[in-house]
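No experiment lies behind these values; they were computed from the predicted model shown.
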Amino acid sequence: MASELVVENLTVRYGAVVAAEGVSLTVAPGECVVLLGANGAGKTSTLHGIGGLTPALGRVRLGDVELDRLSASRRARAGLGHVLEGRHVFPNMTVAENLDVARPRGGAKPPVEPLDLLPELKEHLGRAAGRLSGGQQQMLAIARAVAGAPQAIMLDEPTNGLAPKLVARTTEIIATLRDLGFAVLVVEQRLEVAQDLAADVLVLRHGHIVHEVKGTDPELPDLLHAAYLS
């Protein structure tokens, strides 16, 4: 069963540089929250702080489990899935091996089988992941996160570099994950993704949340434009 992801006053610093400060958000099961903002706004740093890939101050909780003192691998085992920017598949392993290595050793099963969610991967199971197209690798990265039986899933710019048809397909997959009851947190630069998902949107600027709106809010394009220019 999916659990609520709660982040309170998350702060990420790289030396003297503050990448994210005082970020608080909640993603309930069956809900999608999208972080929007310009390059350098702190979106990826926020996800890295939540996921334990970057040292951070603040509280991170998934259901009843406090994650903020756990390593990234232990956060993953506790149910926090993370699809990193740039796909990060194992290129010399087959698609099937990429999925198998992600499955929990304790026997936990995901709410949906990755190949049911992404049937387009079935014909490539014996193919090395490094020989897939960029779009196929993105599908595999999502499938691998699902194979880990997470309760919440974070996706960092999942449509980056994809053709319009694959952007639409990726958005459809995210909507399906939400509808299946996962708590879904997405970093994006494409406004239309948040709009198509009718997601709750947090606009980041210089590491701070400056707006909280619905993806369907007609004021969102102007708010985002102002955040990009400031």
Side-chain angles (χ1 to χ4, degrees), residues 3-63 65-72 75 80-86 151-161 171 174 178 182-230:
S3 296
E4 184 176 66
L5 175 64
V6 178
V7 178
E8 297 177 353
N9 295 315
L10 185 84
T11 297
V12 178
R13 293 187 176 92
Y14 301 104
V17 177
V18 178
E21 186 171 25
V23 174
S24 296
L25 59 90
T26 298
V27 191
E31 182 179 51
C32 179
V33 173
V34 176
L35 304 182
L36 290 175
N39 285 332
K43 305 184 303 297
T44 292
S45 293
T46 296
L47 255 60
H48 282 191
I50 296 170
L53 297 175
T54 299
L57 300 175
R59 185 184 183 198
V60 181
R61 176 172 58 82
L62 183 60
V65 181
E66 300 287 343
L67 300 183
D68 40 271
R69 297 195 178 188
L70 302 182
S71 65
R75 294 184 199 202
L80 184 61
H82 194 171
V83 180
L84 297 169
E85 182 183 11
Q151 300 174 49
I153 298 180
M154 304 191 300
L155 301 101
D156 194 352
E157 299 206 18
T159 69
N160 185 35
T171 304
I174 295 170
R178 175 200 63 202
F182 290 97
V184 184
L185 178 60
V186 183
V187 158
E188 260 298 338
Q189 289 199 37
R190 296 177 188 266
L191 171 61
E192 63 269 24
V193 172
Q195 291 173 322
D196 290 344
L197 289 167
D200 291 329
V201 174
L202 306 179
V203 179
L204 268 70
R205 182 178 68 203
H206 306 312
H208 295 84
I209 295 174
V210 293
H211 299 294
E212 299 185 29
V213 298
K214 282 284 188 181
T216 52
D217 192 319
E219 295 185 0
L220 177 57
D222 290 338
L223 293 174
L224 188 61
H225 183 68
Y228 272 55
L229 293 179
S230 61

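In this view, R205 and S230 satisfy the side chain to side chain donor-acceptor pair (under 3.5 Å) rule, not counting sequence neighbours. Residues satisfying the side chain to side chain contact (heavy atoms under 4.5 Å, CB included) test with E212, not counting sequence neighbours, are L202, I209. Scored by the side chain to side chain donor-acceptor pair (under 3.5 Å) test, T44 finds D156 as partners (sequence neighbours excluded). When the side chain to side chain donor-acceptor pair (under 3.5 Å) test is applied to N160, no partner is found at least two apart in sequence or on another chain. Evaluation of the side chain to side chain contact (heavy atoms under 4.5 Å, CB included) rule for L57 yields T11, R13 as partners, not counting sequence neighbours. The side chain to side chain donor-acceptor pair (under 3.5 Å) search around S45 returns Y14, not counting sequence neighbours.
Once rounded to the nearest 0.5 Å, the distance linking CD of E157 with CG of L35 reads 10.5 Å. Residue L220 holds its CG atom at 6.5 Å from CG of L36, rounded to the nearest 0.5 Å. Separation of atoms CZ (F182) and CG (L5) is listed at 13.5 Å; rounding is to 0.5 Å. One distance of note links CG of L185 with CG of L47; it measures 5.0 Å at 0.5 Å rounding. Rounded to the nearest 0.5 angstrom, L197 CG and T216 OG1 are separated by 11.5 Å.
Screening residues 217-230 for salt bridge (Lys or Arg N to Asp or Glu O under 4.0 Å), with sequence neighbours left out, gives no hits. Residue pairs meeting the salt bridge (Lys or Arg N to Asp or Glu O under 4.0 Å) criterion with at least one member in residues 186-201, sequence neighbours excluded: R190-E192, D200-K214. Listed by first and then second residue, the salt bridge (Lys or Arg N to Asp or Glu O under 4.0 Å) pairs that reach into residues 40-60 are E8-R59, R59-E66, sequence neighbours excluded.
When side chains are defined from C-beta on, T46 does not count as touching V12, because their heavy atoms never get closer than 4.5 Å. Between L67 and L80, some side-chain heavy-atom pair lies under the 4.5 Å cut-off.
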Identify each donor-acceptor pair in which a side-chain atom of residues 19-32 lies under 3.5 Å from a protein atom, sequence neighbours left out, and give them as a table.
from: E21; atom 1: OE1; to: H208; atom 2: NE2; distance (Å): 3.2
from: S24; atom 1: OG; to: N9; atom 2: N; distance (Å): 2.9
from: E31; atom 1: OE1; to: A28; atom 2: N; distance (Å): 2.8

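Checked by atom type and distance alone, the side chain of R75 never pairs as donor or acceptor with a backbone atom of L53 at under 3.5 Å.
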